[in-house]
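Read the structure below first, then the notes.
In each ligand, atom 1 is the first atom listed, and ligand 1 is the first ligand listed.
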Amino acid sequence: MGKESLHVGFIGLGIMGQSMSRNLHRAGFSVTVWNRTASRMEEAKAWGVKTASSPREVAAQSDVVITMVGDTPDVREVVEGPEGVLAGARDGLILIDMSTISPEATRQMAAQAAAEGVRMLDAPVSGGDVGAREGTLSIMVGGEEETLEQVKPLLKAMGKNLVHCGPIGAGQTVKACNQIMCGLNLLGMVEALSFAKKAGVDLETMIEVTTQGAAGSWALTNLAPRVIKGDLDPGFSVRFQQKDLRIVLEEADRMDLPLLGTAQVNQLLRSVQAYGGEEDGTQALVQVMERLGRVQVTPQE
Ligand code: NAP
């Protein structure tokens, strides 16, 4: 099927969805969008995409529907609700959920979708707002390989590293692994900065040399330089990291798997929330270390 004749529906024009739907449009696909807050569709309208009045209407006009909303209940609402995708879907529709949600709920939703003749893939992403804007997201896909083959050109318009991880839910499971490691690398980074500061070594020097060695991580490369400048603005917010760690800890609970480090990061970020830092970037974890250790890592105002 040619790009213009493949009708793609896109639900959720948040920080990520706005850029991702735009990249689909730029790549030549025929795109129809819907967003709960209607004003957010104005910008998309200006690029020339169609808008719809509900997820149900999006589905009725589409061959493939992508959802990029918030948490598990949000996806369930836009997919299974009375005005949801399944209510408007034709036989053969492909549904791709790209939000980060529970693997277990994903499997349940896929079963419900299959009963309506809809094939579902989970395709959560990593790479943040910058990756979404530049079309360089890493995409972790779960579901039937044959279904993935059909939508590959579309996913490639939004990301560059596209990996089939296994059956439905496997993309979300790999994303959960990603979030475990992001959380622990974050904690390692703020602990090392606190240690360095208290011991009196130069923070920039410590970051520079350790970034090149075995301790290197995304958090060290990208977040540590922001921390020492006192920049706590979000690339990825504490609120979203906590959502993702909750998903991880719920799955671990279901599997009887103790995750000691992840649970600790979750509790420490709760302290950031208690002090009003819910919308700060995850690097705000440094403030917990500053309070616990009576050490000032960020510059004093
Ligand atoms: P966001 O800016 O907060 O946008 C969320 C979008 O979902 C908005 O369009 C919102 O609509 C919509 N939404 C939320 N709940 C809804 C509901 N119940 N019904 C209908 N629409 C609903 O979030 P984002 O940063 O784009 O993130 C979207 C997803 O990507 C999340 O699952 C997140 O974990 C994941 N993710 C984000 C990043 C990142 O760096 N931001 C990176 C990787 C993955 P309204 O406009 O009406 O509020």
Side-chain angles (χ1 to χ4, degrees), residues 9-23 33-45 49 51-59 65-88 96-103 105-106 109 122-141 155 158-161 171-172 174-183 186 218-219 222-223 226 233-248 250 269 278-283:
F10 201 104
I11 293 170
L13 302 179
I15 293 178
M16 301 294 284
Q18 187 83 244
S19 300
M20 290 160 73
S21 57
R22 184 166 205 177
N23 284 335
V33 301
W34 176 80
N35 193 64
R36 178 179 59 183
T37 306
S39 57
R40 274 183 146 167
M41 290 190 280
E42 289 307 315
E43 198 183 323
K45 243 189 226 168
V49 303
T51 60
S53 60
S54 66
R56 177 187 176 139
E57 196 183 300
V58 170
V65 173
I66 295 172
T67 48
M68 190 59 172
V69 289
D71 203 346
T72 307
D74 304 316
V75 178
R76 296 207 92 140
E77 192 180 329
V78 299
V79 171
E80 300 173 333
E83 285 300 309
V85 172
L86 296 184
I96 312 173
D97 178 40
M98 302 190 76
S99 330
T100 304
I101 67 161
S102 147
T106 297
M109 246 184 305
D122 52 310
V125 303
S126 152
D129 54 338
V130 177
R133 229 177 7 257
E134 295 177 353
T136 56
L137 292 168
S138 277
I139 309 181
M140 300 154 246
V141 187
L155 292 175
M158 296 180 282
K160 75 172 186 226
N161 186 23
Q172 295 294 357
V174 172
K175 172 71 185 183
C177 297
N178 187 75
Q179 296 310 81
I180 292 171
M181 291 185 275
C182 282
L186 178 72
W218 189 93
N222 294 283
L223 298 181
R226 293 192 209 171
D233 286 347
F236 190 65
S237 68
V238 169
R239 176 169 61 93
F240 269 151
Q241 179 69 12
Q242 289 292 66
K243 163 179 80 75
D244 293 354
L245 293 185
R246 177 179 45 72
I247 291 167
V248 168
E250 279 170 6
L269 284 173
E278 172 113 333
E279 299 303 331
D280 284 344
T282 51
Q283 69 273 25

Query raised in the report: Is there a donor-acceptor pair closer than 3.5 Å between any side-chain N or O of Asp280 and the backbone N or O of Asp233?
Result: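 Absent.
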**Report entry** Any donor-acceptor pair under 3.5 Å from Thr136 side chain to Gly159 backbone
**Finding:**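 No; judged by distance alone, with no hydrogens or angles, the pair does not exist.
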Would you check the N or O atoms of [X], main chain and side chain alike, for any that come under 3.5 Å of an N or O of ligand 1?
X	result
Gly70	yes
Val78	no
Lys243	yes
Gly14	yes
Trp34	no
Met98	no
Gly128	no

Minimum-distance protein heavy atom relative to [atom]:
atom	answer
atom 46 (O) of ligand 1	Arg40 NH1, 2.7 Å
atom 11 (O) of ligand 1	Asn35 OD1, 3.6 Å
atom 17 (C) of ligand 1	Arg36 NH1, 3.3 Å

Requested in this report: Measure Thr100 to ligand 1 on non-hydrogen atoms and call it side chain, backbone, both or neither using the 4.0 Å cut-off.
Outcome: both
